[in-house]
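Report on one structure; see the data block that follows.
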Amino acid sequence: MGSVTRPEQRRAETAARTASHPVAGGLALAFAAALVGFVVSRISPLLSPVLVAILLGVVAANAVRLDAWRPGLDLAGKRVLRIGIVLLGLQLSLGAMASLGFGVIGLAVAVVALGVPFGLWCGKRLGIEPTQSLLTACGFSICGAAAVAAAAGVSDARDEEVATSVALVVVFGTLMIPLVALSAALGLDDHTAGVFAGASVHEVAQVVAAGGLVGQGALAVAVVVKLARVLMLAPLITVIAVHRRRTMGGAESGSVTLPPFVPLFVVGFVAAVVVRSVVPIPNSVLDGAKVLQTLLLAAAMFALGAGVTAKAMRAAGAAPFAQAALCTVCVTALGLGGALLVG
């Protein structure tokens, strides 16, 4: 009769515990990665917890099998993400955005209003599936991976489409960081460089990294301009949800599940913005909410990054990369041109 070694027994027990608690195991893994992101960001402030978590997810997806943790990771990439988006609203003050002036606010709106249709047009020309094209257009024009996931929540996007768009945001948004950092060499002052960064870089975390490389003055402006773009997430997701209901032909809810006209997390996001704008919230509360929001978004981004595999990216082909490159050129041109005009 064969014997079982102690290491093999421990591995079997661990696998059994994971299999019996797949949701808890996946959530624990996602939040552990988020905490690692916080530690890394302490060592290197230019690397935000969210960005580190995405990269950890990509590495994990290509190094080990995550099937046993998939239920928990799926929960992190959807519900946890939506809670994080709601809390993100507490970072937006309508008064702070209004202080930028109508020109800068108009630029933030223009980047989204022009960037999304341009991205969809590119996707159609390149023969990309409509949902894949929509996710990339939203991610590159609004707020990166969070916008990708939010758009996926009100569309019929497949997991592999979400993973592809998230990967593209990571790659092209990271390439934007040194480009914006070189804006000082172009003779842009801190305020103009901050407007350029906030209006053109994809992820909030990437905006922070780019603005920080230019200077503290540029960083402060860049974050507010970027958050003005983030605010556009609410109306755009609502438009997508309404359009989907119409294209589904008013199907009966018993046979087809229709998305709500206004998703609940969008209502929560807008409510958080209003609360921040009209209620005097202590800085300590805002700081705590920001830490929690970052933790939740980092855990969610690890889960989304865990869907990015080399095999899936090869299967996606060159067209999504071409669309991502064209979207990046579009928002960069809009951001730089607008910054020179109104910055």
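No donor-acceptor pair under 3.5 Å is formed between the side chain of Ser155 and the backbone N or O of Thr131. Between the Lys226 side chain and the His202 main chain, a donor and an acceptor come within less than 3.5 Å of each other. Without hydrogens or angle criteria, Gln132 side chain to Glu161 main chain gives a donor-acceptor distance under 3.5 Å.
Taking CG from Leu75 and CG from Leu81, the interatomic distance works out to 11.0 Å, rounded to the nearest 0.5 Å. In this structure, the separation between NZ on Lys78 and CD1 on Ile83 is 14.5 Å, given to the nearest 0.5 Å. Taken to the nearest 0.5 Å, the CZ atom of Arg70 stands 10.0 Å off from the CG atom of Leu29. Taking CG from Leu51 and CD from Gln206, the interatomic distance works out to 6.0 Å, rounded to the nearest 0.5 Å. Interatomic distance, CD1 of Ile240 versus SG of Cys138, reported as 4.0 Å (0.5 Å rounding). To the nearest 0.5 Å, the span separating CG on Leu168 from SG on Cys327 amounts to 9.5 Å.
Dense packing is recorded around CD of Glu160, with more than 12 heavy atoms of other residues, nucleotides or ligands lying under 6.0 Å away.
Across all non-hydrogen atoms, the minimal contact from Val111 to Val331 is CG1-CG1, 4.0 Å. Of all non-hydrogen atoms in Ala193 and Val214, the two that sit nearest each other are CB-CG1, 3.9 Å. Across all non-hydrogen atoms, the minimal contact from Ala147 to Gly139 is CB-CA, 4.1 Å. Heavy atoms only, all atoms of each residue included: Gly335 and Phe196 are closest at C-CD1, 3.8 Å. For Ile128 against Ser133, the heavy-atom pair with the smallest separation is CG2-N, 3.9 Å. Of all non-hydrogen atoms in Ala30 and Leu73, the two that sit nearest each other are CB-CD2, 4.3 Å.
Side-chain contact between Leu296 and Phe31 is present, with heavy atoms from C-beta onward closer than 4.5 Å. Two residues are said to be in side-chain contact when any heavy atoms from C-beta on lie closer than 4.5 Å; Leu233 and Ile85 meet this criterion. Residues Ile281 and Val275 have side chains in contact (heavy-atom distance under 4.5 Å, counting atoms from C-beta outward). Asp287 has its side chain out of reach of Lys290: every pair of non-hydrogen atoms, C-beta onward, lies at least 4.5 Å apart. Counting heavy atoms from C-beta outward, Leu231 and Leu227 have side chains that stay 4.5 Å or more apart. Side-chain contact between Leu295 and Leu35 is present, with at least one heavy-atom pair separated by less than 4.5 Å. A heavy-atom distance below 4.5 Å is not found between the side chains of Cys143 and Arg229. When side chains are defined from C-beta on, Val58 does not count as touching Val170, because their heavy atoms never get closer than 4.5 Å.
Placement of Trp121 and Phe172 in two distinct hydrophobic clusters is found when ILVMFWY residues are connected by side-chain heavy-atom separations under 4.5 Å, directly or transitively. Hydrophobic clustering, with ILVMFWY side chains joined whenever heavy atoms are under 4.5 angstrom apart, keeps Leu126 apart from Phe140. Hydrophobic clustering (ILVMFWY, side-chain heavy atoms < 4.5 Å, transitive): Leu326 and Leu120 are in distinct clusters. Linking Ile, Leu, Val, Met, Phe, Trp and Tyr residues whenever their side-chain heavy atoms come within less than 4.5 Å places Leu341 and Val221 in a single cluster. Hydrophobic cluster membership is shared by Val201 and Leu340, with clusters built from Ile, Leu, Val, Met, Phe, Trp and Tyr side chains linked at under 4.5 angstrom.
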Verify side chain to side chain contact (heavy atoms under 4.5 Å, CB included) between Leu92 and Arg276, making sure each step is shown before the conclusion.
CA-CA 7 Å; Leu92 284 85; Arg276 170 65 194 277; 6.0 Å; no
Test side chain to side chain contact (heavy atoms under 4.5 Å, CB included) applied to Leu94 and Val273, step by step:
CA-CA 7 Å; Leu94 296 177; Val273 174; 3.9 Å; yes
Full working for side chain to side chain contact (heavy atoms under 4.5 Å, CB included) between Gln91 and Val230
CA-CA 10 Å; Gln91 305 304 317; Val230 173; over 6 Å; no
Would Leu286 and Asn283 satisfy side chain to side chain contact (heavy atoms under 4.5 Å, CB included), going step by step from the backbone distance to the final call?
CA-CA 5 Å; Leu286 290 175; Asn283 288 334; 4.3 Å; yes
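If you check the side chains of Ser165 and Thr136, you find a donor sitting under 3.5 Å from an acceptor.
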